[in-house]
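Notes for the one structure printed next.
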Amino acid sequence: MREWANLEIIEDAEGAHRVAVSGPLTISSIAVIDQQFRELEAPVAAFDLSGVTDMDTAGAWTVFRATRRLDASIEGASETLSDLIDTVASAASEAPIRPVRQPLMNRLFGEPGRAVMDMLAGVVNVVGFLGAVLIAVKDIIRHPSRFRIKAVVRQFELVGVHALLIIGLMSFLIGIVVAQQGAAQLQQFGAEALTINLTGRLATRELGVLMTAIMVAGRSGSAFAAQIGTMNLTEEIDAMRTIGVDPVEALVIPRILAAVVMMLLLGFYAIVLTIIGGATISALTLGIPFDSFLLRIQEVVPTYDLWVALVKAPVFGLIVAIAGCYQGMQVEGNSEEVGKRTTMAVVQAIFAVIVLDAFFAVFFTELGWA
Amino acid sequence: MTDRDDLIYEVEDDATDFIPELYRGEYPIVVEGLINQFGDFRIHDDLSLKVKRGEILGVVGGSGTGKSVLMRSIIGLQTPREGHIEVLGRAITGAHGSDGIDIRSRWGVLFQGGALFSTLTVGENVEVPLKQFYPELADDLRKEIARYKVLLSGLPEEATSKYPSELSGGMKKRAGLARALALDPQVLFLDEPTAGLDPVGAAKFDRLTRELTDTMGLTVFLITHDLDTLHSICDRVAVLADKQVIAVGTIPELVAQDHPWIKEYFGGPRGRAASSAYEKP
């Protein structure tokens, strides 16, 4: 059972009120008496602290605040108690705890305005970032010894090799879904055999690369943003600059290179596994033998479908890497910013990939690669 | 007036089960037979230490002698391999039950870099422990406590609503101290509080620590490399070496010892300069 501070109001001979406080006056025991102090009404002549057993600064504060408001005096306080009260009195402050909010009208127009300006500034920053990347590429070409082969290989491993299992599994399952659902619809026309065309062309032209890009954005784009962002917070990037290492050269270029090259390979790998997934389900449920499914693929999928995929893949990789690295470099301030920037990196990357995919679809069809 | 019984009832429902009395024993911190080991490397081997109530105990030792690990063991962040640790009469090692909650409301910890919550303002940082342990406090009171604690730690008023990223290193330390003092703790742990401060700022911080210790009746466990801090505010100094506390005592007592590291520490050029500066008055 907790012991609370007690309060008693005594009226003396002249009709003045005196407040007698007793018990411990510490942070764990003042919740109730604080409320009572706040409700006291003038006139109160004095606070009698002779019954107080313990006091800390929080207790001293409540007494100080009440005496200040009621303009009352303090009686019966031991030396330690009055020292404590003097200490908190010297530190009394009215400062706001949160930054002061702007008036409503300022915020109403100010915030959309700031959002627009931020967006414009963002565009300028991205262009600036691309410029920095191009300069770094130029520097590396002029001084090939500055090319960080080990960092690049390490990123190849993180972006590519470590993603093999999850991307393979995902593609295989997508192949199964497309073939199985496609067959269910095509059966109505007695055209189950066209399942092969559906699976093969869809996987090659669209799904393989697109799904891989989304997966790489989620796995590696976010990792780029979070890692570079944290390095920014801990001043590692500033440290690099001061010893003459260009962070774009050391951090961004290897990641972009890894994402571009690995997207190309992972995209192709995803296409192959999607087709294998389709072939597997066809062999099991449609009665199309596995071998003939694969043979048929060669006939129904034109070579240019593969070119479409292999053109798109590195572009998507580039977008994912740039979004991740750019957002990482923009981190400043606190740890919340790292999370925010990481989210933005993934969302922007996936959005840009899908918009570009739509553009590519129209573009290649116009080229005659329909 | 508020019906007092109502409020008490309401409070008891969600308040922590038990708030310990002020500790009146002699040794708020007791460490016995502490063994800490990382892999094959033993950092502490049968280390024992007692901190007296109301004193500022300086803890010194070369880099890597496990000063911070000792502090982390005492505050329960590092589970030692063996040994017994008591803070304010309660065991830290072994049982980590509801007991742990109470004791944490009676100590304050200042980490080396301040370790402020970066998404909260300084004032809100101070409010966090108050909200955690004393949810029954009125919002107004909690805010007032946060405000005066900020000023008490020597920060200007404007700092209350600033975010840690807007503060200098020294101000972060002060803000960290404000948070450590939020609950009016009985024991204060300071990990290199003056490291990275300019001499004037460091001296001010030392004076502040001493003042707060005296007015608030704190017991302070202070890790430091700063000889000035040791001379000016520490009541006793504990020396960590050879995986143990090899000596505890006032500086003159330590200087009289003939352990090579202590001799080098207090007898080296910096040690001599600091001691001569404090001998005169």
Side-chain angles (χ1 to χ4, degrees), chain A residues 1-4 6-7 9 24-41 53-62 64-65 80-101 233-234 332-340, chain B residues 1-2 4 7-8 11-12 15-22 105 117-124 126-127 130 133-138 140-141 143-154 156-166 181-186 211-212 214-217:
Chain A
M1 174 67 206
R2 211 194 288 201
E3 192 183 353
W4 299 94
N6 278 305
L7 162 154
I9 302 171
L25 210 52
T26 62
I27 190 160
S28 58
S29 65
I30 55 167
V32 179
I33 207 169
D34 171 61
Q35 287 301 321
Q36 294 170 328
F37 276 165
R38 275 166 208 274
E39 286 156 11
L40 283 177
E41 275 166 33
T53 51
D54 272 326
M55 192 192 256
D56 62 10
T57 66
W61 172 263
T62 55
F64 164 71
R65 202 207 41 236
T80 341
L81 293 194
S82 39
D83 274 359
L84 270 176
I85 294 173
D86 290 347
T87 308
V88 292
S90 68
S93 142
E94 301 290 329
I97 284 180
R98 293 200 57 77
V100 184
R101 275 186 108 186
L233 278 191
T234 54
E332 51 190 30
N334 56 43
S335 52
E336 191 183 8
E337 183 93 345
V338 177
K340 219 162 67 187
Chain B
M1 236 175 235
T2 319
R4 187 156 177 269
L7 201 50
I8 291 177
V11 163
E12 275 183 348
T16 42
D17 48 354
F18 179 75
I19 310 290
E21 298 271 298
L22 284 179
S105 72
F117 303 123
S118 58
T119 54
L120 303 179
T121 64
V122 171
E124 287 172 322
V126 181
E127 279 187 274
L130 291 167
F133 287 108
Y134 303 109
E136 74 272 14
L137 292 185
D140 282 346
L141 176 62
K143 290 203 167 80
E144 287 163 9
I145 294 180
R147 286 191 192 108
Y148 83 74
K149 290 277 153 85
V150 171
L151 262 71
L152 215 53
S153 325
E157 255 185 336
E158 311 85 75
T160 318
S161 60
K162 284 200 172 132
Y163 286 94
S165 55
E166 301 170 296
L181 292 173
L183 298 170
D184 274 278
Q186 289 183 268
E211 273 170 29
L212 292 172
D214 294 342
T215 45
M216 295 170 73

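Throughout, protein chains are lettered first and strands after them, A, B, ... in sequence-line order, and every chain is numbered starting at 1.
In this structure, A:Ser93 OG and B:Lys143 NZ are separated by 13.0 Å, a value rounded to the nearest 0.5 Å.
With a 4.5 angstrom heavy-atom cutoff, B:Glu211 does not touch chain A via any of its atoms. For B:Asp140, the parts sitting under 4.5 Å from any heavy atom of chain A are the backbone and the side chain alike. Residue contact with chain A, scored on non-hydrogen atoms closer than 4.5 Å, involves the backbone of B:Ala182 exclusively. When heavy atoms are compared at a cutoff of 4.5 Å, B:Leu212 does not approach chain A at all. Interface remark: B:Lys149 contributes side-chain atoms only to the contact with chain A (heavy atom separation under 4.5 Å). Interface residue A:Asp34: only side-chain heavy atoms are found under 4.5 Å from chain B. With a threshold of 4.5 angstrom between heavy atoms, A:Ala58 approaches chain B through its backbone and through its side chain. Looking at B:Tyr163, only its side chain comes within 4.5 Å of chain A, counting heavy atoms on both sides.
Residue A:Thr57 forms a side-chain contact (heavy atoms from CB on, under 4.5 Å) with just one option from B:Thr215, B:Ile145, B:Asp184, and that option is B:Asp184.
In this structure the side chain of A:Ile97 never reaches within 4.5 angstrom of the side chain of B:Val150, judged on heavy atoms. Under the 4.5 Å side-chain criterion, counting only non-hydrogen atoms from C-beta, A:Ser28 is in contact with B:Tyr134. Contact annotation: the side chain of A:Ile30 approaches that of B:Leu137 to within less than 4.5 Å [non-hydrogen atoms, C-beta and beyond].
With respect to B:Arg147 and A:Glu94, no salt bridge is recorded, no charged nitrogen being found less than 4.0 Å from a carboxylate O.
For the options B:Thr121, B:Leu120, B:Val122, B:Leu130, heavy-atom pairs under 4.5 Å to chain A are most numerous at B:Thr121. When the candidates B:Gly123, B:Ser161, B:Gly154 are compared by the number of heavy-atom contacts under 4.5 Å with chain A, B:Ser161 comes out ahead. Ranked by heavy-atom pairs shorter than 4.5 Å toward chain B, the options A:Thr87, A:Asp83, A:Thr26 are led by A:Thr87. When each of A:Thr62, A:Val88, A:Val100, A:Thr80 is scored by its heavy-atom pairs under 4.5 Å with chain B, the top score falls to A:Val88. Here B:Glu144 is the residue among B:Glu166, B:Glu157, B:Glu144, B:Glu127 with the most heavy-atom pairs under 4.5 Å with chain A.
Minimum interatomic distance between B:Leu151 and A:Ala92 (heavy atoms only, all atoms of both residues): CD2-O, 3.6 Å.
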